[in-house]
Amino acid sequence: MTSVDARLAERNIEFASQLDEWFRAQARPLPWRAPGTTPWAVLLSEIMSQQTQVARVIPKWQQFLERWPTPADLAAASDAEVIRAWDRLGYPRRAVRLRALAEAIRDRHAGEVPDTVEELLALPGIGPYTAGAVAAFAFGVPAQVVDTNVRRVLARHRFGHAEAWAPSVARDTAAWNEVTQAVPAPLVVSLAQNSMELGALVCTARTPACERCPIAEQCAWRAEGYPAADDSLPKRKPQARYAGSLREMRGMLLAELREHAEHSEAELRAMHTTAGTEDPRFEAALESLITDGLVVRSSKGSLQLP
DNA sequence: ATCCTGCCTT
DNA sequence: AAGGCGGGAT
């Protein structure tokens, strides 16, 4: 081992150890972190937390588990039931994917959530983050876990960037490999959870609370005087305006279909036609919902949840 | 306006 | 690599 490797190893282990100490004292008691949480419950929490804040996920997570305690239970439900239960968590296509996911677990894995990244990644609706998170948090595998929080913490603390780099599997993997090198497996697992928690509570995107940060002393970004974002780094494009968007129309149509079991297509179209002029978004929104499997067109021109 | 424990398609 | 996809909170 070269002296460079030795120094990196020392830095990595100190980084992981300090975060671990902080986590034990400061972490939120999230329900899916309680001992005895099933892999299915962990998986469900990760799916629901994809682009939805923890506070909004918690009650919905509890409702789903009470109603569908195992993958087989959810697989046996209809898409319509799951879409209605999903309610306003956002990105309703996740509800359909979730049921397909439960079905795949039932059919390919005898109803048990698999414990390897490779098998998890092959399931619908599970990408690099979720596969790693489930392997790590449900099964203790020292897998790569890079979400927006980890990405930002590493970008700042280890690499001195003001903002996280844009999501890229290559960048995520390179950074993860560097910071976990020579770190013992159990500590790698906690590093994932700990850095995620630090990003959520302290090293936040907008106004980081550096005065409460347990690793501020070693922070590269702080050492460099909190430099502004590097323009050479790719940035996520801001979301388009919601009012008037196709997404808004999708939301309106889905709300109506959630409420009434069935609609005639003509009736639904009429609801979005004023003074003889059809809302130009109507057709595209409907087709998009059908493509996502959120709405089905029946034989005689009626629309309903699948 | 920006962010939130991303994923899938093109 | 880029664009699309909810809805709530700050």
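In the text below, chain A, chain B and the rest are named by the order of the sequence lines, each starting its count at 1.
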When rounded to whole Å, the CG to C1' distance for the pair D87(A) and dG8(C) reads 13 Å
Using distance alone, with no hydrogens and no angle criterion, decide if S298(A) and Q304(A) have a side-chain donor and acceptor under 3.5 Å apart. no
Quick one about R94(A) and T52(A) (side-chain donor to acceptor, distance below 3.5 Å, no hydrogens or angles considered), yes or no? yes
Is any side-chain N or O of R56(A) under 3.5 Å from a base N or O of dG8(C), one able to act as donor and the other as acceptor? no
Counting heavy atoms from C-beta on, name the nucleotide in dT10(C), dC7(B), dG8(C) closest to the side chain of R206(A). dT10(C)
With a 4.0 Å cut-off on heavy atoms, is P167(A) in touch with a base, just the backbone sugar-phosphate, or nothing at all? nothing
Touch check for L30(A), heavy atoms < 4.0 angstrom, all strands: base, sugar-phosphate only, or nothing? base
Between dG8(C), dG6(C), dC5(C), which nucleotide has the shortest distance from any of its atoms to the side chain of L246(A)? dC5(C)
Kindly say if Q50(A) contacts the phosphate of dG6(B), meaning a side-chain N or O under 4.0 Å from OP1 or OP2. no
Could you tell me whether A133(A) contacts a base, only the sugar-phosphate backbone, or nothing, with contacts defined as non-hydrogen atoms closer than 4.0 Å? nothing
What's the closest nucleotide to the R93(A) side chain, out of dC5(C), dG8(C), dC4(B)? dC5(C)
Indicate, with yes or no, if W176(A) and L8(A) share a hydrophobic cluster defined by side-chain heavy-atom contacts under 4.5 Å among Ile, Leu, Val, Met, Phe, Trp and Tyr. no
Name the nucleic acid region contacted by E248(A), choosing base, sugar-phosphate or nothing; use a 4.0 angstrom heavy-atom cut-off, strictly under. nothing
Can you measure Y242(A) atom OH to dG8(C) atom P for me and round it to whole angstrom units? 9 Å
Whole-Å distance between dA2(C) C1' and R171(A) CZ? 13 Å
For a quick check of understanding: with a heavy-atom distance under 4.0 Å over all strands, which category does V145(A) fall into, base, sugar-phosphate or nothing? nothing
Given dG7(C), dC3(B), dC7(B), the nucleotide with the shortest approach to the side chain of T130(A): dC7(B)
Rounding to a whole Å, what distance do you find between I290(A):CD1 and dG4(C):P? 20 Å
Testing T37(A), V54(A), V57(A) one by one against L30(A) for a side chain to side chain contact (heavy atoms under 4.5 Å, CB included), which residue passes? V54(A)
Is a side-chain donor-acceptor pair under 3.5 Å present for E262(A) with S302(A)? yes
Tell me whether I47(A) shares a hydrophobic cluster with L121(A), the cluster being built from Ile, Leu, Val, Met, Phe, Trp, Tyr side chains joined at under 4.5 Å. no
Rounded to whole Å, please give me the gap between CZ in R241(A) and C1' in dC5(C). 18 Å
Categorize W32(A) for me: base, sugar-phosphate, or nothing, with a 4.0 angstrom heavy-atom threshold over every strand shown. base
Say you pick atom P in dC7(B) and the same atom in dG8(C); how far apart are they, in whole Å? 23 Å
Nearest-Å distance for atom pair OH/C1', residues Y91(A) and dG6(C): 6 Å
Which of these nucleotides, dG6(B), dC5(C), dG7(C), is closest to any side-chain atom of Q53(A)? dG7(C)
M249(A) atom CE is separated from dC5(C) atom P, nearest whole Å, by 13 Å
Upstream residue (5' side of DNA chain C) when S168(A) and R97(A) are each assigned their closest nucleotide: S168(A)
Output the single nucleotide from dG4(C), dG6(C), dG7(C) whose closest atom is nearest the side chain of T52(A). dG6(C)
Both conditions, 6.0 Å and 45 degrees, for the charged tip of R247(A) above the ring of Y242(A): are they met here? no
N or O in side chain of R250(A) less than 4.0 angstrom from dG6(C) OP1/OP2: yes
Grab the CG-P distance between L289(A) and dC5(C) for me, whole Å please. 10 Å
Is the shortest side-chain N/O distance from R152(A) to OP1 or OP2 of dC4(B) below 4.0 Å? yes
On a whole-Å scale, what distance lies between the C1' atoms belonging to dC4(B) and dA1(C)? 22 Å
